[in-house]
Amino acid sequence: MSRNMPIATAVELPNQGIAPTHEPHGGHHASDAMSEKHVEAGDEIPSDLVMHEEAMPEGPTTSRWEEWAYYLYYNGDSGVGPGSYAQTLSQNYLTQATHDKITGAKPCTNPNADLCVLQFAGQERSVASVALIANGITFAVMTFLFTTIGSIADYENWNKYILLIATVICWGVQFGFLGTKDGNDWQTGIALYIVGYIAYGVTLVFYASVFPRLARNTQKAKDARLRLDNSEISPEEYEMVEMLERNRISNISTAHSDWGYLITLALNLAILLPLANNPMVDQYTLAFTNCYWIVLGLPWFFVQKNRRGPAFPKDSHWWSIGWKQVYLALKQYKRLPYTFIYLFAFFLLADSLNTTGSVVGIVQNQHIQFSFLQSTYLGLSQAATSTFSCYAYWYFQRYFKIKTKVMFEVCVVVTVFLSFWGMLGIWTNKIGYHNTWEFWFYNVVFGLGQAPYYAYAQTMMAELTPPGFEGMFFGLFGITNRVSSLIGPNVCAAIIDRTNNSWDAFAFLFALSAAAALVIFVFVDMEKGRAQAIAFSIEERGSVEGVREEQATHIVSGLKH
């Protein structure tokens with residue numbers, strides 16, 4: 001393929017009107033000006049360019065303080081509060097409110113937890129069924145929100161405001177548990193869990209959508225683009241630099257989330273041990289966990305640099321533009337086939353992984369009798385191994401320069417294994433999440449093999465997302481995650497209601513994860529998908545956000561068309 005081949009020859013992508021095409025600053029951008037002035041990589045940039053950095057199409061350079069603030073936010077937003085403690089506390093309230101399905105005795109003391117039921121949504125349901133339905137509700141609401149506001153995040157500073165509002169709501173809800181006491185408050189507990197988990201899910205999606213821009217604007221990435229513009233390196237060499245920058249920020253931020261998980265759980269022992277006999281110890285622990293996030297999360301909103309997206313379109317409304325953009329994005333599947341194949345595969349994988357975690361969490365909570373202390377010990381084992389694995393995977397990838405997809409495939413294999421292990425519990429009580437050692441085993445294996453999944457899943461999405469459209473496509477990414485989690489919990493709840501056996505759900509989850517693995521391994525071509533994504537961005541918005549036509553036509557060696 002000729003180096004000077006026009007982009008339309010390599011990737012035929014006519015403009016479909018999804019967003020206005022524009023030429024930034026008179027048809028060339030700042031890196032062109034630098035090339036004209038023969039600025040070498042690493043040299044001091046002329047002051048006339050520096051003073052206008054905020055207005056540059058590629059955005060201001062990512063500073064060390066900004067990067068650290070980004071990591072610290074995720075350190076606090078580790079999920080210990082809204083994703084672990086809140087679930088355990090609300091499930092405990094549900095259990096206290098149940099009665100025996102056979103004898104009617106209340107509170108229920110039947111050793112078979114699936115026979116302890118309460119009235120919910122028009123019929124008697126087990127705690128596992130109610131908990132899964134609650135998760136389904138949260139994912140349904142998140143799906144609506146991502147569809148409505150996902151695309152808004154690409155315009156002006158909406159991403160920052162959405163993340164801030166969701167964060168504050170989540171903080172407020174966690175403190176709300178201080179007003180609950182026992183099973184008499186099970187409705188309030190479920191409501192707080194649902195609202196808090198919705199807000200938590202929104203924070204994760206719109207936090208993750210930031211890192212591709214941070215990676216494109218690190219000094220290392222900008223120096224590499226300058227060298228690309230000066231024909232000092234090939235597009236393939238530049239793509240390797242940017243890929244490693246994306247993976248570096250994604251893996252280190254995920255590691256910080258694990259650090260937060262580990263540190264928070266360790267600090268919580270200072271409350272859980274001395275106040276073990278206090279009836280409000282769980283609520284106090286949850287409030288303390290929330291305070292940890294507030295302290296570490298606030299700096300991001302002050303340190304984050306201004307990287308404004310395009311102006312909000314005229315004659316558009318915030319409550320409808322998201323639906324229009326999603327509709328238009330879905331129409332682009334022929335232009336971005338590998339992006340949408342990955343979204344489909346992630347849909348299946350997320351369904352299996354999220355629901356597997358929910359089912360394992362339910363049977364684990366029942367096994368440890370909802371002990372925050374035991375839950376903390378198990379969480380510490382997962383946090384310690386997760387932190388180690390995120391760094392280990394990243395250093396291994398960096399040293400051997402392994403592509404993102406290969407690293408992600410390792411995590412996918414572990415995902416399949418976790419549901420497979422649970423499925424074994426259908427036929428035997430010796431293994432399959434029936435024993436205390438297995439919950440230690442699950443948390444350790446999850447930490448060692450599954451924790452980097454979150455980093456590589458979002459990096460895969462970043463590589464297949466057109467630059468400048470992160471809000472839209474990470475919104476779709478969040479939708480596939482949440483819609484799948486709307487289906488999975490409800491299907492598993494129906495299975496459990498029919499069989500009165502929580503382990504039967506694992507067979508369905510194993511089938512989903514195996515199907516997802518097949519699609520990802522065989523049908524997702526990252527090289528062609530990345531080229532198509534960059535071409536899409538250039539066709540729609542011009543050479544902005546640090547993209548070059550050469551990246552689309554020569555993105556990797558051996559790209560076929």
Side-chain angles (χ1 to χ4, degrees), residues 30-31 34 41-42 45 53 56-74 207-230 232-257 300 303-305 307 390-408 452 454-470 473-474 526-527 529-531 533-534 537 543-548 550-552 554-556:
S31 59
M34 291 183 193
I45 300 175
E53 189 179 50
M56 290 169 61
E58 296 180 14
T61 303
T62 303
S63 69
R64 189 171 185 83
W65 283 109
E66 184 181 25
E67 199 171 309
W68 268 101
Y70 185 76
Y71 297 150
L72 289 177
Y73 178 92
Y74 208 14
Y207 166 87
S209 69
V210 173
F211 91 91
R213 289 189 179 187
L214 293 180
R216 282 199 301 274
N217 286 290
T218 63
Q219 190 61 58
K220 189 171 184 178
K222 284 192 170 185
D223 287 347
R225 276 200 300 278
L226 181 59
R227 296 179 65 195
L228 174 64
D229 291 339
N230 289 336
E232 297 173 10
I233 61 174
S234 67
E236 294 86 356
E237 291 174 303
Y238 170 74
E239 271 298 318
M240 179 60 69
V241 172
E242 189 173 323
M243 183 202 73
L244 290 175
E245 283 295 273
R246 284 192 297 269
N247 279 284
R248 179 181 66 83
I249 293 178
S250 181
N251 277 273
I252 293 177
S253 64
T254 302
H256 269 276
S257 176
W300 169 247
V303 176
Q304 179 183 10
K305 291 187 177 180
R307 296 184 181 88
C390 284
Y391 286 114
Y393 277 54
W394 161 238
Y395 289 130
F396 187 83
Q397 180 187 19
R398 183 179 66 175
Y399 183 81
F400 291 103
K401 292 182 170 55
I402 300 174
K403 294 181 179 179
T404 304
K405 183 184 176 184
V406 176
M407 302 300 295
F408 185 56
Y454 298 101
Y456 289 113
Q458 68 182 19
T459 307
M460 289 271 289
M461 189 68 240
E463 293 185 6
L464 295 171
T465 293
F469 292 84
E470 286 82 8
F473 281 91
F474 270 83
M526 293 299 294
E527 286 75 24
R530 178 67 178 161
I534 292 172
S537 181
S543 291
V544 299
E545 294 291 343
V547 298
R548 305 290 187 271
E550 292 90 343
Q551 290 175 256
H554 299 275
I555 194 165
V556 290

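Hydrogens, waters and symmetry mates are skipped; everything else that's a heavy atom, side chains included, is used.
- Side-chain N/O atoms of Glu245 and Thr218 include a donor and acceptor closer than 3.5 Å.
- Every side chain to side chain contact (heavy atoms under 4.5 Å, CB included) that Ile252 has, sequence neighbours left out, goes to Tyr71, Arg248, His256.
- The distance from atom OG1 of Thr465 to atom CD1 of Ile534, rounded to the nearest 0.5 Å, is 11.5 Å.
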Go through the steps for Glu237 and Met240 under the test side chain to side chain contact (heavy atoms under 4.5 Å, CB included), then give the verdict.
CA-CA 5 Å; Glu237 291 174 303; Met240 179 60 69; 5.7 Å; no
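- Under the 4.5 Å side-chain criterion, counting only non-hydrogen atoms from C-beta, Trp300 is in contact with Val210.
- The OH atom of Tyr73 sits 12.5 Å away from the OG atom of Ser253 when rounded to the nearest 0.5 Å.
- Scanning both residues, Pro467 and Ala533, for their nearest heavy atoms gives CD-O, 4.0 Å.
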Verdict with reasoning, Glu470 to Phe211, per side chain to side chain contact (heavy atoms under 4.5 Å, CB included):
CA-CA 9 Å; Glu470 286 82 8; Phe211 91 91; over 6 Å; no
Give the C-alpha distance, both sets of side-chain angles, the deciding distance and a yes or no for side chain to side chain contact (heavy atoms under 4.5 Å, CB included) between Arg307 and Leu214.
CA-CA 10 Å; Arg307 296 184 181 88; Leu214 293 180; 3.5 Å; yes
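- The minimum heavy-atom distance between Ala208 and Phe474, with the atom names listed, is O-CE2, 4.0 Å.
- Among residues two or more places apart in sequence or in another chain, the side chain to side chain donor-acceptor pair (under 3.5 Å) test is passed with Tyr391 by Trp259.
- You'll find the side chain of Leu228 reaches within 4.5 Å of the side chain of Pro235, heavy atoms only.
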Between Tyr395 and Tyr399, does a ring-ring contact (aromatic ring centres under 6.0 Å, His included) hold up when you go through it step by step?
CA-CA 6 Å; Tyr395 289 130; Tyr399 183 81; over 10 Å; no
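- Rounded to the nearest 0.5 angstrom, Met243 CE and Ile402 CD1 are separated by 9.0 Å.
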Side chain to side chain contact (heavy atoms under 4.5 Å, CB included) evaluation trace for Asn247 with Trp394:
CA-CA 7 Å; Asn247 279 284; Trp394 161 238; 3.8 Å; yes
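- For Tyr70 and Tyr74, the ring centers are positioned 6.0 Å apart or more.
- No hydrogens or angles considered: nothing links the side chains of Thr62 and Glu67 as a donor-acceptor pair under 3.5 Å.
- Remark: the Gln397 side chain and the Tyr456 side chain contain an N/O donor-acceptor pair separated by less than 3.5 Å.
- Taking both residues in full, the closest heavy atoms of Val303 and Ala69 are given as CB-CB, 4.0 Å, listed atom of the first, atom of the second, then distance.
- To the nearest 0.5 Å, atoms OH (Tyr238) and CG (Leu226) are separated by 11.5 Å.
- Heavy atoms only, all atoms of each residue included: Ser250 and Ala455 are closest at OG-O, 2.8 Å.
- Test Arg246, Arg530, Lys405 against Glu463 for salt bridge (charged side-chain N to carboxylate O under 4.0 Å, His left out) and you get one pass: Arg246.
- Between Glu239 and Lys403, none of the side-chain N atoms (NZ, or NE/NH1/NH2) sits under 4.0 Å from a carboxylate O, so this pair counts as no salt bridge.
- Taken from OG1 in Thr404 to CE in Met526, the straight-line distance is 6.0 Å, to the nearest 0.5 Å.
- Note: Tyr454 OH to Cys390 SG = 10.5 Å, rounded to the nearest 0.5 Å.
- Checking each of Lys305, Lys222, Glu66 against Asn217 for a side chain to side chain contact (heavy atoms under 4.5 Å, CB included) leaves exactly one that passes, namely Lys222.
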